[in-house]
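A short worksheet on the structure shown next.
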Amino acid sequence: MGARRALHFVFKVGDRPRSARFYRELLGMSVLRHEEFEEGCKASCNGPYDGKWSKTMVGYGPEDNHFVAELTYNYGIGEYRLGNDFLGITLVSSQAVSNAKKMGWPIREVTTGVFETEAPGGYKFYLEDKEQLKKDPVLKVTLGVSNLQNSVNYWSSLLEMKIYEKDEEKQRALLGYADNQCKLELKAVGGAVDHGTAFGRIAFSCAKEELPKIEALMKKENQKILTPLVSLDTPGKATVQVVILADPDGHEICFVGDEAFRDLSKVDPNGAKLLDDAMASDNSEEWFAAHNMKKAAA
């Protein structure tokens, strides 16, 4: 197996300006790139929606060596229903804790030195109150599972992740592809996993030639493939190949060819301006108000 990398988690956002403020001003992330699309994605990157949408990548550094967030905004959708599938992202940043307090953003200490806060939409973030690491400060993504052993088997045996920790008593496990990468924590939720309509997607890269092998393995093992191997175009940027899977609880998993993705994901120095311009020209709220309508709740 070639080197695999944890890349990003996809969040659906209904309030783009407030979300941008949270990730930029509270967490202290930068806009790495911003892209606008006139129609839905062939791999349902923006969810099961066909209309105009945007993608904003935010993080603490280049996607080559940082785990980042992908914020997808569907122009006609104002809110999404949370489930119990996404349980949080943990990162190290005393500055983010300080920023939250200064901004008056709701925050509470859940264990000594660890603070819980929520991004717009209700997505939980756990902030360790320590000096931000020189390396990537994003430590782990936590997902809810219905059967811990089944999920660990899937991620370790089929997707070849290393098991770093497993705690039967607390019904949790920590897995990853490398010591210096963001980890995946699986935590039993004591019942079925509900994805709501806010469900996200976790993305990893691998060598391009591994993609058909991953797809073939999933077919052989009778595992769910949401999107068979497909090429995705971004105007003016590299075309990437992806295959989208679902684990035993329906968590969406994207594998993308590493070489083309490194080209696609280069930091765009104009990313922040593109996002700001898009928000300034977004009159969807006014359009709905003028027609005595509210944006749809998905």
Side-chain angles (χ1 to χ4, degrees), residues 5-15 18-32 55-63 65-72 80 82-100 103 105-111 113-133 135-145 151 155 161 164-165 172-178 180-187 189 193 195-196 198-204 247 249 251-254:
R5 292 191 297 133
L7 300 177
H8 57 256
F9 193 85
V10 181
F11 295 100
K12 296 188 187 79
V13 302
D15 186 334
R18 198 158 166 266
S19 295
R21 184 167 181 251
F22 175 84
Y23 289 94
R24 290 199 283 195
E25 296 179 28
L26 193 155
L27 294 185
M29 292 180 171
S30 299
V31 176
L32 305 172
K55 173 199 297 183
T56 309
M57 310 303 291
V58 293
Y60 289 111
E63 293 173 69
N65 48 21
H66 290 78
F67 189 85
V68 309
E70 175 178 319
L71 311 179
T72 64
Y80 301 89
L82 281 176
N84 62 357
D85 53 346
F86 174 79
L87 300 181
I89 282 182
T90 301
L91 57 90
V92 177
S93 177
S94 56
Q95 185 61 55
V97 174
S98 173
N99 291 344
M103 293 165 68
W105 202 281
I107 187 169
R108 67 187 184 100
E109 193 167 18
V110 287
T111 57
V114 178
F115 291 80
E116 178 190 280
T117 189
E118 289 184 6
Y123 306 114
K124 291 187 186 304
F125 281 76
Y126 294 93
L127 314 176
E128 293 193 4
D129 194 10
K130 300 177 194 167
E131 187 177 348
Q132 191 166 305
L133 303 169
K135 58 177 186 174
D136 187 5
V138 181
L139 301 182
K140 65 184 178 182
V141 176
T142 305
L143 300 179
V145 300
S151 294
W155 288 91
M161 271 193 169
Y164 283 87
E165 300 170 15
R172 61 171 290 275
L174 191 71
L175 301 95
Y177 281 123
N180 62 347
Q181 289 184 23
C182 174
K183 305 297 187 297
L184 172 67
E185 182 179 49
L186 304 174
K187 193 177 282 189
V189 294
V193 174
H195 294 275
F199 63 89
R201 175 182 290 177
I202 191 163
F204 303 92
D247 82 350
D249 286 301
H251 290 291
E252 295 193 2
I253 308 154
C254 173

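Since the structure is predicted, the reported quantities are computational estimates derived from the model, not experimental observations.
- A donor-acceptor pair under 3.5 Å links the side-chain atoms of Asp136 to the main chain of Phe67, judged by distance alone.
- The structure places CZ of Phe204 at 3.5 Å from CE of Met161, a figure rounded to the nearest 0.5 Å.
- Of the inter-residue distances, the one linking Phe86 atom CZ with His195 atom NE2 reads 13.5 Å to the nearest 0.5 angstrom.
- Contact record, Val92 with Glu131: CG1-O, 3.5 Å, taken as the closest heavy-atom pair.
- In this structure, the side chain of Lys183 engages the main chain of Gln181 through a donor-acceptor pair within 3.5 Å.
- For the atom pair Leu82 CG and Glu118 CD, the distance stands at 8.0 Å (nearest 0.5 Å).
- Between Glu252 atom CD and Asp247 atom CG the span is 10.0 Å, to the nearest 0.5 Å.
- With contacts defined as side-chain heavy-atom distances shorter than 4.5 Å, the pair Val141/Cys182 qualifies.
- A pairwise comparison of heavy atoms in Ser151 and Asp249 identifies OG-OD2, 3.4 Å as the closest pair.
- Using bins of under 30°, 30° to 60° and over 60° for the plane-to-plane angle, the ring pair Phe11/Phe125 lands in the tilted bin.
- Put simply, the side chain of Val68 does not reach to within 4.5 Å of the side chain of Leu7, judged on heavy atoms.
- The heavy-atom pair separating Val10 from Thr72 by the smallest distance is CG1-CG2, 3.7 Å.
- Counting only heavy atoms from C-beta outward, the side chains of Leu127 and Leu91 approach each other to under 4.5 Å.
- Using modelled atom types, no side-chain atom of Lys12 and backbone atom of Gly200 make a donor-acceptor pair closer than 3.5 Å.
- Looking at Leu143 and Phe9, their side chains come closer than 4.5 Å, going by heavy atoms from C-beta outward.
- Considering CZ of Arg108 and CD of Glu116, their distance stands at 4.5 Å, rounded to 0.5 Å.
- Counting only distance, with no hydrogens or angles, the side chain of Glu165 and the backbone of Leu174 share no donor-acceptor pair below 3.5 Å.
- Side-chain N or O atoms of Asn99 include one that pairs as donor or acceptor with a backbone N or O of Glu25 at under 3.5 Å.
- In this structure, Tyr80 has its ring center no closer than 6.0 Å to that of Tyr123.
- Interatomic distance, CD of Glu185 versus CD1 of Ile89, reported as 12.0 Å (0.5 Å rounding).
- Side chain of Asp129 to main chain of Gly113: no donor-acceptor pair is present (N/O by atom type, distance under 3.5 Å, no hydrogens or angles).
- With hydrogens and angles disregarded, a donor-acceptor distance shorter than 3.5 Å links the side chain of Thr117 to the backbone of Pro106.
- Smallest separation of non-hydrogen atoms from Val114 and Glu128: CG2-CG, 4.1 Å.
- Put simply, the side chain of Arg172 never gets that close to the backbone of Thr142: no donor and acceptor are under 3.5 Å apart.
- The shortest distance between side-chain heavy atoms of Val13 and Pro120 does not fall below 4.5 Å.
- Looking only at side-chain heavy atoms (C-beta outward), Met103 and Phe22 stay at 4.5 Å or farther from each other.
- The shortest heavy-atom contact between Tyr60 and Pro137 is CD1-CG, 3.3 Å.
- Remark: His66 engages no residue in a side chain to side chain donor-acceptor pair (under 3.5 Å) (not counting sequence neighbours).
- Here the closest non-hydrogen pair linking Leu87 and Asn84 is CD2-O, 3.5 Å.
- At distances below 3.5 Å, not a single donor-acceptor pair connects side-chain atoms of Ser98 with backbone N or O atoms of Ser94.
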